[in-house]
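Each remark here refers to the structure printed beneath this line.
Residue numbers begin at 1 in each chain, while the letters A, B, ... track the order of the sequences. Please read these numbers as outputs of a predicted model, since none were measured by experiment.
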Number of protein chains: 2
Amino acid sequence: MSTARGARARARIEVTAAIKDEARRQLAAEGAAKLSLRAVARELGMVSSALYRYFPSRDDLLTALIIDAYDSLGGAAESAHAEVAAAGPRERWNAVCVAARRWALDHPHEYALIYGSPVPGYVAPQETVPSASRVGLLLIGVVRDAYRDKGVARTPLPAGLKTEARRMAADLAPDLPPEVVVALVASWAQLYGLIGFELFGQFNRVVEDREPFFRHAVERLAHDVGLVYPEPDGTPGGPHSA
Amino acid sequence: MSTARGARARARIEVTAAIKDEARRQLAAEGAAKLSLRAVARELGMVSSALYRYFPSRDDLLTALIIDAYDSLGGAAESAHAEVAAAGPRERWNAVCVAARRWALDHPHEYALIYGSPVPGYVAPQETVPSASRVGLLLIGVVRDAYRDKGVARTPLPAGLKTEARRMAADLAPDLPPEVVVALVASWAQLYGLIGFELFGQFNRVVEDREPFFRHAVERLAHDVGLVYPEPDGTPGGPHSA
DNA sequence: CAAAAACGAGAGCACCGCTCTTGCATTGGA
DNA sequence: TCCAATGCAAGAGCGGTGCTCTCGTTTTTG
């Protein structure tokens, strides 16, 4: 009968989910390096070899967790962005960045899994790309809207970067000027520098009150992509205008 | 006799160095996760348990490698800086940043060891601090010289960051204004965001021609800390002045 | 010169990822 | 409806890991 086929399939889905859940538990508790297939199987009351029916190797299980982590981070950023979707570009930019930091602090091991050093010999499979792009797409969208609405400040590119900048723009956001796309990609990487340094202890004994520090740094990243501060008198100025 | 005591001590130093060399070899070849004490011992023709006379645990060996890596990176940056020590602040800033990237690309696994996700459950021992600070001290020195010479551009701090900024300045560079110290620390983290994204594959299919991209991003970091472009007419302008 | 410390070697423990075989349950086609 | 094919759990086993402990031997020290 139709449910008969569904029985196996449903069971498979459930067991797969249970494995991922338990693996995620261990990942959150101990980190990726201590995630053990045998321990997962033990905790689920099955024998370790049975687990290989669901994930052909430890790396495959990790890949599944990586995709879930990207989606979790992307979802958190999208939710935060949705709450301020009607606000100005700076508020939206800040919301996405702050949400990314928040998620990283709440899920340190999962963050390390996706943005820390890749597991040696491990190369991210193609199927992670869509999930991995969600935060970036959000930031591109914010800048695109600002650009269409009022335009954004631009910093001229050196001659040696213009060709590559055009190529990047054509790939990522053909409707945005190359200068802006370059600034966006750089800010994107720099954002994760800020988050990673806090998360991985590089700020220990250097930055103590990290939330305002991060918010300020993110504001300055917003300048860098051309989202300007409103001047005290209400006149929009260039970024970092002295 | 005096050499008798020295015989053991010298042998110990040599064996310790040999262990670290072989470990570094394996680290560079396969990454930290695949660094195996047994493999190191095997390669050195000793039994694995003997290795514990020199390093009480795998983590201790890794810590030694981390310190060496920090020193190697710091030394590379200092050499690069020394070659342009007489040049202007921007040249010096760029030289340090470019050298850090170069070192990272040349020693990816060692870079991952020190700036990637920390080994789970591993906290950097206090003795790593001096070696880890060398690049940062270099950057502080560049900005300090520029500040003493001609001053640097400043970006005002939000109210909520002023106290922490003063504390940071007092710790890191009491002679520099808090705004500048904040920008310095942020740029420092952002620099490693740029390097890490390139190294860990986040720029795959996004940035292809990475050298000019990096140089441009680093120039903009220089602005952020107040090292301004000379304007076409020779008048120094504010950073990112439109 | 004797006691103490350092050292190398070996056996062994508990764990790991992964493979292979065996037997049972479910499933889908004749 | 029955049967062959498939899916699956279980167990044993291989080669590897970090680490501990013991046991002689060598070197250093008082």
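Ion pairing between a basic and an acidic side chain is recognised when a charged N comes within 4.0 Å of a carboxylate O; Arg215(A) and Glu211(A) show such pairing.
In this structure, CD1 of Ile13(A) is placed 15 Å from C1' of dG7(D), rounded to the nearest angstrom. The nearest whole Å value for the distance from the CG atom in Leu51(A) to the C1' atom in dG11(D) is 15 Å. Rounded to an integer number of Å, the gap from Arg12(B) CZ to dT26(D) C1' is 15 Å. Across the protein-nucleic acid pair, Leu44(B) atom CG and dG8(C) atom P stand 11 Å apart, rounded to whole Å. In this structure, the CG atom of Leu62(B) is 10 Å from the P atom of dG18(D), given to the nearest Å.
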Donor-acceptor pairs are to be reported for all side-chain atoms of residues 181-196 of chain A against protein atoms at under 3.5 Å, with residues two or more places apart or in another chain.
unit_1, atom_1, unit_2, atom_2, d
Ser187(A), OG, Ala183(A), O, 3.0

Give the table of side-chain donor-acceptor pairs shorter than 3.5 Å for residues 76-85 of chain A, with sequence neighbours excluded, one pair per line with atom names and distance.
unit_1, atom_1, unit_2, atom_2, d
Glu78(A), OE1, Arg134(A), NH2, 2.7
Glu78(A), OE2, Arg134(A), NE, 2.9
Ser79(A), OG, Gly75(A), O, 3.0
His81(A), NE2, Arg92(A), NE, 2.9
His81(A), NE2, Arg92(A), NH2, 3.3

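Tyr54(A) comes within contact range of the sugar-phosphate backbone alone, with a heavy-atom separation under 4.0 Å but no base atom that close.
Judged as a salt bridge (Lys or Arg N to Asp or Glu O under 4.0 Å), the pairs with a partner in residues 186-200 of chain A (not counting sequence neighbours) are, in order, Arg101(A)-Glu198(A).
Taking the side-chain contact (heavy atoms from CB on, under 4.5 Å) definition, one finds that Ala112(B) meets it with Ser117(A), Phe200(B), sequence neighbours left out. Qualifying side chain to side chain donor-acceptor pair (under 3.5 Å) partners for Ser72(B), counting only residues two or more places apart in sequence or in other chains: Trp103(B).
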With sugar-phosphate taken as primed atoms, P, OP1 and OP2 and all else as base, the protein-contact string of nucleotides 15-25 of chain C at under 4.0 Å (heavy atoms; B, S, -) is -BBBBB----B
